[in-house]
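Heavy-atom basis, side chains included; hydrogens, waters and symmetry copies ignored. Both counts, for ligands and for their atoms, begin at 1 and track the order of listing. Just so it is clear, the model here is predicted, and its values are computed rather than measured.
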Amino acid sequence: MVRPRIYVSRRIQDSAIMLLRECCDVELYDSDYPPPKNILVKSLEDKDAALILLSDTIDREVFEKAGRLRVVSTMSAGYDHIDLKEATARGVYVTNVPSVLTDAVAEFALALLFSVARRVVEADRFLRRGSWKIAWSPMFMLGPEISGKTLGIVGLGAIGKAVASRAKGLNMRVIYFSRTRKPNVEAELGISYRPLNELLRESDFIVLSTALTPETVGMIGERELRSMKPSSYLVNISRGAVVDEKALVKALKKGWIAGAALDVFEKEPIDPDNPLISMDNVVLTPHMASATFEARRRLAEKAAENILSVLRGEAPPSLLNPEVMKVKPLETVRML
Ligand code: DGY
């Protein structure tokens with residue numbers, strides 16, 4: 001019996017590989033680095049399915065050569081790295097894993113917020129380089145209290161909501177902006193809607209948790225940063241391109257805002273000469289908001305299960321391009 005062939009573009013959790021190996025032949029790109037584009041393209045030429053990560057770009061060039069491909073499953077919530085239109089036109093099912101990392105990412109958003117406001121990373125650097133000479137000083141390393149302050153959340157999806165409910169537990173006032181107003185969530189969590197310009201003006205902390213779409217690219221630029229309070233902090237756990245990074249550097253240098261904590265960047269990994277690296281009022285982490293043992297295991301397993309659903313002829317729960325069913329109706333690939 002011919003088993004479906006699956007390409008996995010990185011070392012991922014064993015439990016997910018085992019799920020796939022039960023009924024499919026798996027070719028693993030056995031590395032923590034992404035496969036070069038030519039290898040990715042070549043490897044997908046004879047595959048039925050691909051399990052990929054957010055740092056793999058799946059564009060027309062990939063689809064053109066991948067004539068057998070039925071499903072692309074990304075082990076991420078974000079899917080801005082996949083050309084959905086091209087996939088649909090070619091009858092390729094595309095899935096993501098939207099829900100299992102919600103808690104991990106929301107927790108990390110708050111970790112960043114606390115770190116930058118209460119200067120945790122800056123203080124750690126200070127101590128390690130031997131600069132701690134005075135045991136305790138009344139004016140040393142001050143930062144704002146978080147309790148009682150206003151948090152503005154941009155993008156009220158699952159992660160935005162999870163940040164909001166945690167912030168309420170911290171005694172923060174929470175306002176939000178999203179494309180569509182969500183009166184039920186407002187009532188449930190005790191939060192209020194603001195147009196973006198008002199949210200920027202009113203917030204002490206802003207958490208960006210919006211998806212990257214053509215409308216959100218560069219959403220936070222010079223004009224937006226200028227309208228924030230000079231005492232405010234920006235936290236980005238969405239995608240780097242939502243913020244105009246040059247404008248952010250300018251805002252930090254000129255004191256338009258007090259600080260920023262960023263898990264995502266316009267270019268990842270960032271260049272060693274990125275000016276953000278030398279700034280004290282900035283906390284930088286390497287795109288790791290979902291990096292808990294629990295979230296990453298669930299993420300890998302769900303990504304594997306999404307592939308198996310499509311190959312079994314079942315609609316996966318998180319199909320990103322449902323129109324594909326008209327182009328290429330679901331059918332069982334013989335495997336079980
Ligand atoms: C995602 O899955 O899109 C996140 O950015 C991972 O941290």
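Near ligand 1, Leu54, Ser76, Ala77, Gly78, Leu101, Arg239, His287, Ser290 each place a heavy atom less than 4.0 angstrom from the ligand.
The two residues Val62 and Leu40 make their nearest non-hydrogen contact at CG2-CD2, 4.3 Å. A pairwise comparison of heavy atoms in Leu320 and Thr95 identifies CD1-C, 3.9 Å as the closest pair.
Here the CG atom belonging to Asp103 is positioned 10.0 Å from the CD atom belonging to Glu294, to the nearest 0.5 angstrom.
Contact check on Asp25 versus Arg3 returns a salt bridge, with a Lys/Arg side-chain nitrogen under 4.0 Å from an Asp/Glu carboxylate oxygen.
In this structure, a donor-acceptor pair under 3.5 Å is present between the side chains of Ser15 and Glu301.
Here Phe177 pairs with nothing under the ring-ring contact (aromatic ring centres under 6.0 Å, His included) rule; sequence neighbours left out.
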